[in-house]
Amino acid sequence: MSGVEIPVPQEPADALAAVAALRRLADQIEDAAVEQAMRAGWSWPQVAEALGVTRQAVHKKHAKRLIAAGVTLRRR
Amino acid sequence: MAAIDEYINTIIERGRRDAHHDGSSTIEAHHLLLAIAAEGENATHQALTSAGLDHRAIRDALDREFEHSLNAAGVSLAASGLPRPSKAAKPPTQLGASAKLALERGFASVDRKKDLRPAHLLLGILQAQVGTVPRALALADVDRAELMARLLRTLTPESD
């Protein structure tokens with residue numbers, strides 16, 4: 001699939017399942033993208049601003065995982 | 001501790017590992033289903049096997065459901081191109097809404113807790129008519145009603 005066309009699922013079950021799957025995919029992409037940014041030397045405030053969330057929120061969600069993965073984190 | 005409590009603990013503990021593998025922050029009903037398939041308790045194992053379901057087959061079905069649901073919104077899984085993220089430092093400990101509902105339904109199927117069997121827990125998961133589990137099973141051509149009927153038959157002799 002090209003991923004270009006955005007059909008709206010007609011059946012409620014399909015539409016709701018699509019929402020659940022998109023949220024899961026968004027979480028997966030967020031995990032990967034934040035990790036990639038932090039490995040590239042981005043700061044928490046930069047990542048937070050790019051995601052449109054607070055620094056505290058992004059730190060709370062990702063810091064433990066990235067520390068466990070051995071990513072060197074910038075303080076600012 | 002009663003055998004069923006040990007079983008429930010084992011399933012949740014195993015479900016945590018499947019949830020961790022998925023990068024999920026909660027343990028969901030489909031993780032409990034994977035756990036039951038991996039655990040190999042006799043009645044549940046026979047019923048799942050008769051429907052062609054083992055841990056691998058369920059995981060494949062769940063992967064297909066994920067892709068299928070994304071495709072319905074015009075999104076392809078291959079599109080992101082980012083490297084796989086590192087896993088969470090620890091497996092999740094919280095049960096998600098679907099897992100809580102599955103356990104509640106399993107518990108509600110017996111009058112007294114001492115009558116609870118592993119098959120009841122699997123029935124609790126299979127009772128969901130909407131959500132990830134029934135969609136994944138349908139995509140794998142599994143007759144959910146037949147699977148539930150088979151499980152119920154395994155419970156009948158003991159409850160008499």
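Protein chains get the first letters and strands the later ones, always in sequence-line order, with residue 1 at the start of each. As the structure is a prediction and not an experimental result, all values here were calculated from the model.
- The side-chain heavy atoms of Gln28(A) and Phe66(B), taken from C-beta on, include a pair separated by under 4.5 Å.
- With a threshold of 4.5 angstrom between heavy atoms, Ala17(A) approaches chain B through its backbone and through its side chain.
- Residues Lys61(A) and Glu30(A) are paired through a salt bridge, judged by an N-O separation under 4.0 Å between the basic side chain and the carboxylate.
- No more than 12 heavy atoms of other residues, nucleotides or ligands sit less than 6.0 Å from atom NE2 of His68(B).
- Put simply, the side chain of Val47(A) reaches to within 4.5 Å of the side chain of Met38(A), judged on heavy atoms.
- Of the two parts of Glu65(B), only the side chain, counted from C-beta on, holds a non-hydrogen atom closer than 4.5 Å to a non-hydrogen atom of chain A.
- Counting only distance, with no hydrogens or angles, the side chain of Asp54(B) and the backbone of Ala57(B) share a donor-acceptor pair below 3.5 Å.
- Contacts from residues 83-105 of chain B to chain A, taken as heavy-atom pairs separated by less than 4.5 Å, involve Pro83(B), Pro85(B), Ser86(B), Lys87(B), Ala88(B), Ala89(B) in sequence order.
- At a 4.5 Å heavy-atom cutoff, Asp27(A) makes no contact with chain B through either its backbone or its side chain.
- Checking side-chain atoms of Glu41(B) against main-chain N and O of Thr44(B) turns up a donor-acceptor pair under 3.5 Å.
- Residue contact with chain B, scored on non-hydrogen atoms closer than 4.5 Å, is absent for Arg23(A).
- The closest side-chain heavy-atom distance from Arg59(B) to Asp18(B) is below 4.5 Å.
- Between the side chain of Arg144(B) and the main chain of Leu126(B), a donor-acceptor pair closer than 3.5 Å is present.
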